Amino acid sequence: MNPLDVFLQVALWAALAVPLAAATAALLRPGHPGARFTALTSAVVILAAGLALTAATTTTGDSVESRGFTEGLLRADALAAYLLAVVGLIATVAIGGAWSDDRGGRFNGLMCLFLTAMALATLADNLGVLWVAIEGTTIASAFMVAHGGGRHALEAAWKYVVLGSVGVAIAFLGLVLLYAAGAGLDPTLSWSGLMTRTDLDPSAARIGVALTALGLATKAGLAPMHSWLPDAHSQAPAQVSGLMSGVLLSVAFVGILRVKAVSDHLLGPDLMRTLLVIAGLLSLAVAAALMITQRDYKRLLAYSSIEHMGIIAVGAAIGGPLATAAVLLHILGHGLAKASLFVVAGRILKATGTSAIANVRGLLVSDPSIARPWLAGVGALAGLPPGVLFFTETALVVAGFQADMPLISLALLALLLVAFAALAKHTLSMSMAMSMATSMATSMATSTAGSTAGTSPQSSAAKQPEPDATTRRERGVTTMALVVVAALPLFASPLRAVLTAATAALAGVR
């Protein structure tokens, strides 16, 4: 091998070996001072490996495949390399932005295992390995969801485990059927191998593809398999919520994109297009309706994640180079904005002692250092220009009309407007100042309503306010992430090459 090949092999394995070694060290010696740095170090290494592999795959157009006993299991094409860089970047933002919230060595060890599983899911060429990695994310993150403490956090973790396990079990059944579709004809679960096959049994392949997509949709938070998401994301610590909403959902959805590519190749586009349109629009409708009446700002962000996964699903259903590139860029923009917002939401919770929207008033006056990134992040999430999500959502609407799917585009636009109104309503109510008398009356009314209507456990002011202990460096991390979200459209030229290569890789082109 030449030096470049050696370097790329090192980058491929470093994304897995470094976080796994860091997890082992942190779990074996949780009290060691260095355990605190393991999660952030792992995130930075994954980011560096992803950038190196992205540069190589974009420039050459070739993929980087593992060799030796793992040959055929791991493969970094342009799509996998891009997503690996996204995982590392968003993990750096989520962990670095909540650096003062140190929860001990075991927590950091679990975080490293979580990052390892997500990196493995992005790099897996074999769909069976992808399934194992997705299951690994459930196991690692469930413990961290429960780390929030209390009965409600434990309930959320169990709900997440049960529903997530049901989803991956359905996906497992689908993969078995997809493998059986090639029985007697050199059966395989290699994604790159399936993209070259034309001799699979179409009936078994159709059922296998549908079940695999349904199972992965549970992990991606698409309706109607979304019910675990608001509880888990609202109860988890801020950095975990940021990672789950910002990148875990997208990692699972890229698995759906891989399955869709196989389905389109073997069966034509109609099956997956129909499934994704139904799941996408249903997710948007459910999320928009519940966002309007939401009373907990962490759950509001969680339902916003369902909304954006619906947007991504509709974009994937539309297909084509424009829509696919917009989907991939939307994954990056949404991940950065959502990770930053969950970190800021953690700061709001510490500063106010409540996650009830009605109990948080006048942030611009009382906590401007918190209010400014909150407003900027919600604006980006709502699709306001110059944020990149404005351009990706516009591109998806345009792509829908170009693909002769005007009704889908109009439905997408209408639901986006409803979600925008809900985010604007709640954000302005939290940020604008109120008189003390009105604020006290609202707080009392909300507490009474929460005790009778079963609001989120954190909305009942179960936690006492704490001084804002975030450092300038932590605030700088979230600020920089939001600046990147706003500035991404300015880097259209280099991003175009990356997104074009990733789109081509998804179509099975090396």
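Because the structure is a prediction, the values reported are computed rather than measured.
Shown here for Lys298 and Ala236, the closest heavy-atom pair between the two residues is NZ-O, 3.0 Å. Between Leu163 and Ser227, the shortest heavy-atom distance links the atoms CD1-OG, 3.2 Å. Ala140 and Leu110 get closest at one heavy-atom pair: CB-O, 4.0 Å. What you find for His426 and Gln294 is that their closest heavy atoms are CE1-O, 3.2 Å. Residues Ser283 and Gly310 approach most closely at CB-CA, 3.9 Å, considering heavy atoms. The shortest heavy-atom contact between Met309 and Ala220 is CG-O, 3.3 Å.
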Test side chain to side chain contact (heavy atoms under 4.5 Å, CB included) applied to Leu415 and Ile311, step by step: CA-CA 10 Å; Leu415 292 170; Ile311 295 170; over 6 Å; no
Full working for side chain to side chain contact (heavy atoms under 4.5 Å, CB included) between Val240 and Phe342: CA-CA 9 Å; Val240 179; Phe342 266 113; over 6 Å; no
Working for side chain to side chain contact (heavy atoms under 4.5 Å, CB included), residues Thr92 and Leu40: CA-CA 6 Å; Thr92 301; Leu40 184 59; 4.2 Å; yes
Derivation and outcome, side chain to side chain contact (heavy atoms under 4.5 Å, CB included), residues Ile306 and Val286: CA-CA 8 Å; Ile306 298 173; Val286 169; 5.6 Å; no
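The distance from atom CG of Leu332 to atom CG of Leu499, rounded to the nearest 0.5 Å, is 8.5 Å. Once rounded to the nearest 0.5 Å, the distance linking OG1 of Thr122 with CG of Leu130 reads 9.5 Å. Distance CD1/Ile134 to CG/Leu127: 11.0 Å, rounded to 0.5 Å. Taken to the nearest 0.5 Å, the CG atom of Leu412 stands 9.5 Å off from the CG atom of Leu417. In this structure, CG in Asp367 is found 10.5 Å from CZ in Arg372, a value given to the nearest 0.5 Å. Remark: Leu222 CG to Phe253 CZ distance equals 6.5 Å, nearest 0.5 Å.
Leu482 has its side chain out of reach of Leu336: every pair of non-hydrogen atoms, C-beta onward, lies at least 4.5 Å apart. Taking the side chain as every heavy atom from C-beta outward, Val277 and Leu281 approach each other to under 4.5 Å. The side-chain heavy atoms of Arg347 and Thr478, taken from C-beta on, include a pair separated by under 4.5 Å. Put simply, the side chain of Met432 does not reach to within 4.5 Å of the side chain of Val365, judged on heavy atoms. By the 4.5 Å heavy-atom criterion applied to side chains, Thr427 and Tyr297 are not counted as neighbours. Contact of the Val477 side chain with the Val343 side chain is not registered, since no non-hydrogen atoms from C-beta on lie closer than 4.5 Å. The shortest distance between side-chain heavy atoms of Tyr160 and Asp231 does not fall below 4.5 Å. Side chains of Val388 and Leu329 form a contact here, defined as non-hydrogen atoms less than 4.5 Å apart.
Heavy atoms of other residues, nucleotides or ligands lying less than 6.0 angstrom from CZ of Phe401 number more than 12. No more than 12 heavy-atom neighbours from other residues, nucleotides or ligands sit within 6.0 angstrom of CH2 on Trp158. Other residues, nucleotides and ligands place no more than 12 heavy atoms under 6.0 Å from the CE atom of Met480.
No donor-acceptor distance shorter than 3.5 angstrom exists from the side chain of Thr138 to the backbone of Val161, with no hydrogens or angles considered. Using a distance-only test at 3.5 Å, with no hydrogens or angles considered, no donor-acceptor pair links the side chain of Ser263 to the main chain of Val259. Panel note: side chain Tyr303, backbone Ile292; no donor-acceptor pair is recorded below 3.5 Å. In terms of modelled atom types and a separation under 3.5 Å, the side chain of Trp191 and the main chain of Ala261 share no donor-acceptor contact. A donor-acceptor pair under 3.5 Å links the side-chain atoms of Lys338 to the main chain of Leu301, judged by distance alone. Side chain of Thr392 to backbone of Leu389: a donor-acceptor contact under 3.5 angstrom is found. His308 places a side-chain N or O within 3.5 Å of a backbone atom of Leu381 that can act as its donor or acceptor partner. Within the 3.5 Å criterion, the main-chain N or O of Ala419 finds no donor-acceptor partner in the side chain of Glu307.
Considering only residues two or more places apart in sequence or on other chains, Thr137 meets the side chain to side chain donor-acceptor pair (under 3.5 Å) condition with Lys219.
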For residues 77-91, which side-chain N or O atoms pair as donor and acceptor with protein atoms under 3.5 Å away, sequence neighbours left out?
from	atom 1	to	atom 2	distance (Å)
Asp77	OD1	Leu79	N	3.3
Asp77	OD1	Ala80	N	2.8
Asp77	OD1	Arg258	NH2	3.1
Asp77	OD2	Arg75	NH1	3.4
Asp77	OD2	Arg258	NH1	2.9
Asp77	OD2	Arg258	NH2	3.4
Tyr82	OH	Leu328	O	2.6

Side chains of residues 242-249: which donor-acceptor partners sit under 3.5 Å, not counting sequence neighbours?
from	atom 1	to	atom 2	distance (Å)
Ser245	OG	His233	ND1	2.5
Ser245	OG	Ser305	OG	3.0

